[in-house]
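Note that these values count all heavy atoms, side chains included, but never hydrogens, waters or copies made by symmetry. Just so we're clear, the structure is a prediction, and the values are computed from it rather than from any experiment.
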Amino acid sequence: METTGTQYLPSDYLPIFIQFAAALGFVIFALVVTHLLGPKRKSEVKDSSWESGVESVGDARTPISYKYFLTAILFVLFDIEIIFMYPWAVNFRVFGLEGFLPMMLFLGVILTGFFYEIKKGILK
């Protein structure tokens with residue numbers, strides 16, 4: 001049976017499955033080998049909690065300012081915007097008006113989030 005340009009057979013996906021299986025096999029192999037061959041020395045110092053080379057002090061359940069999370073949302077907004085806008089800008093002429101209107105809707109949604117951030121005063 002011959003395939004046309006738009007018809008795919010399950011055998012067409014075989015290289016992807018092989019590569020996925022090889023990557024998964026390598027990860028499992030590396031984890032098992034390092035567990036079996038790695039050193040198993042336990043001590044009170046090695047088992048204590050450290051964060052970036054500094055001993056932990058206090059409770060990990062302390063409240064964090066909501067402005068931290070709003071700043072994180074701001075970074076996510078701009079990351080998503082760039083991820084979608086770069087390929088769109090490269091193929092702008094190919095898409096024409098059919099690609100322009102959905103991008104304006106997308107930018108409207110992104111700007112809504114950005115104005116929410118401004119209203120909350122995160123940029124001050």
Side-chain angles (χ1 to χ4, degrees):
M1 178 174 167
E2 289 186 30
T3 61
T4 62
T6 59
Q7 184 182 13
Y8 293 104
L9 295 175
S11 63
D12 294 336
Y13 296 102
L14 187 62
I16 295 171
F17 292 133
I18 290 172
Q19 187 172 7
F20 180 74
L24 186 63
F26 175 75
V27 168
I28 292 171
F29 171 77
L31 288 172
V32 168
V33 168
T34 55
H35 179 72
L36 294 176
L37 298 179
K40 295 170 182 59
R41 291 177 240 132
K42 302 277 184 182
S43 70
E44 188 176 325
V45 174
K46 284 184 75 170
D47 292 338
S48 65
S49 299
W50 292 78
E51 179 69 32
S52 301
V54 178
E55 189 172 352
S56 299
V57 177
D59 186 16
R61 304 282 186 240
T62 58
I64 299 174
S65 174
Y66 73 95
K67 290 191 176 195
Y68 169 79
F69 297 105
L70 289 176
T71 305
I73 290 172
L74 191 62
F75 281 110
V76 169
L77 277 172
F78 285 115
D79 285 347
I80 290 174
E81 181 182 10
I82 294 301
I83 287 171
F84 285 113
M85 282 194 69
Y86 183 75
W88 174 79
V90 169
N91 297 308
F92 176 72
R93 291 182 189 208
V94 176
F95 292 146
L97 189 62
E98 290 179 8
F100 180 73
L101 295 177
M103 183 52 73
M104 292 301 110
L105 178 67
F106 172 73
L107 286 176
V109 171
I110 294 290
L111 282 174
T112 302
F114 185 65
F115 288 135
Y116 174 78
E117 296 276 339
I118 290 174
K119 182 180 176 186
K120 288 293 185 178
I122 196 62
L123 299 176
K124 290 181 182 178

Neighbour count >12 (heavy atoms, 6.0 Å) for atom CZ, Phe106: yes

For the [atom1] atom of [X] and the [atom2] atom of [Y], what is their distance to the nearest 0.5 Å?
X: Leu105; Y: Phe100; atom1: CG; atom2: CZ; result: 12.0 Å
X: Tyr66; Y: Thr71; atom1: OH; atom2: OG1; result: 10.0 Å
X: Phe115; Y: Ile118; atom1: CZ; atom2: CD1; result: 6.0 Å

Lys124 side chain vs Lys120 backbone, donor-acceptor pair below 3.5 Å: no

Taking all heavy atoms of [X] and all of [Y], pick out the closest pair and write down the distance.
X: Ile122; Y: Lys67; value: CD1-O, 3.2 Å
X: Gly113; Y: Leu77; value: C-CD1, 3.7 Å
X: Ile73; Y: Glu117; value: CG2-OE2, 3.1 Å
X: Met85; Y: Leu107; value: SD-CD2, 3.5 Å
X: Thr34; Y: Ala30; value: OG1-O, 2.9 Å

Geometric class of the Phe92/Trp88 ring pair [parallel <30°, tilted 30-60°, perpendicular >60°]: perpendicular

Heavy-atom side-chain contact between Lys119 and Tyr116 under 4.5 Å: no

Derivation and outcome, side chain to side chain contact (heavy atoms under 4.5 Å, CB included), residues Leu74 and Phe114: CA-CA 7 Å; Leu74 191 62; Phe114 185 65; 3.8 Å; yes

Going only through I, L, V, M, F, W and Y residues with side-chain contacts under 4.5 Å, is there a path from [X] to [Y]?
X: Val90; Y: Phe95; result: no
X: Met104; Y: Ile110; result: yes
X: Leu111; Y: Leu70; result: yes

